[in-house]
Amino acid sequence: MANGDVQYFKATLYFDSEPGISEESLTKAWGAEGYECELVNDKGVFDGLRGATRVFVGTPEPVTARLAPAHYPAVAQADVDWSSLFCVDAKAAYDDLRQATHQCEFGLFIIADEDNPEIAHNEIASTLLGIHQVAPMRAVVLHYLDMVVGRANLDDYLNYANSHLDQPQQMAAMLAFGAFVTEEGEAITAWTTGLNRFGQTDILYEMKAGDATQALLTIFGLAHLVVSGRRRFAAGEAITSLDLLARLEPAELHGQPMLRVVRHGAE
């Protein structure tokens, strides 16, 4: 992705009941954040410009198919202590998705900025925040991250984009990349998604046996270093941060290139 290229981010929004969203209510919510809005055409609820971004919000309809990524429900069934982590709670998210009754499409187009990739994620979060304020969402499937986000995490993390809080706007890093873990017998596989938008190959951590919470914490911590701009990782590199003594080697998962974390002594 080069500077000046158009990035497209797709999501599906899910609600507890038919949401009362309209072009007028969304324009008002986004306008309160200082964004000028202009319709481009009359498709869906809103199809137009929100500041410098193009946003599409489709017409809500009853749920016909819950568009969960392929690794659900496995990631929601892992034995994880979600209360000890800051990443998205996959179990709660999948439960919320299953309870939703209405859905609508969401899309956002933005000009890529390689020097500041967090700008796109701030725009997504603040755009979704405006919708959430008008009609609270039960769950959101972020297709570009293959991740489902539930109501509690939406309430917490979208507020990072609220510029009216007492502190300056922050990036909702927890919504900028995905972090997942699955268990198959004693074997544990943890991996990230979305780091390519930050110039980083995604990270894979596999254990023949161990603790799923710790595995998820490890890859979340490494990915957070990337999206916060503090680190970039490459194959052959040694890792000595986050209580790790490991190296990185090329790997593949689900047909995608990865960097595998290999702990010292785990060969």
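Count residues from 1 along the sequence. Given the structure is predicted, the values throughout are model-derived calculations rather than measurements.
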Check your understanding: Would a 4.5 Å heavy-atom cut-off, applied to side chains only, mark V148 and P69 as touching?
Key -> yes
Review point. Does the side chain of S126 come under 3.5 Å of the side chain of R50 through a donor N or O and an acceptor N or O?
Key: yes
Check your understanding: In this structure, which one of L128, L175, L97 forms a side-chain contact (heavy atoms from CB on, under 4.5 Å) with V149?
Key -> L175
Practice item. For residues Y14 and H102, establish whether the separation of their ring centroids is below 6.0 Å. Key: no
Review point. Taking 4.0 angstrom as the limit, do R138 and D16 come out as a salt bridge?
Key: yes
**Study point:** F109 side chain near T53 side chain, heavy-atom distance below 4.5 Å
**Key:** no
Review point. Would you say the side chain of L195 lies within less than 4.5 Å of the side chain of F233, judging by non-hydrogen atoms?
Key: no
Practice item. Would you please name every residue forming a ring-ring contact (aromatic ring centres under 6.0 Å, His included) with Y144, sequence neighbours left out? Key: F9
**Study point:** Pair Y35-E123, side-chain donor/acceptor within less than 3.5 Å
**Key:** yes
Check your understanding: Any donor-acceptor pair under 3.5 Å linking the side chain of D146 with the backbone of L142?
Key -> no
Point to revise | Donor + acceptor pair across side chains of T213, D81 (<3.5 Å) | key: no
**Study point:** Donor on one side chain, acceptor on other, T12 and H143, under 3.5 Å
**Key:** yes
Review point. So, K208 and E186, do they make that salt bridge, N to O below 4.0 Å?
Key: no
Practice item. Could you check whether the rings of H121 and F198 sit parallel, tilted or perpendicular, using 30° and 60° as the cut-offs? Key: parallel
Review point. If you measure from the Lys or Arg side-chain nitrogens to the Asp or Glu carboxylate oxygens, is any gap between R231 and E237 under 4.0 Å?
Key: yes
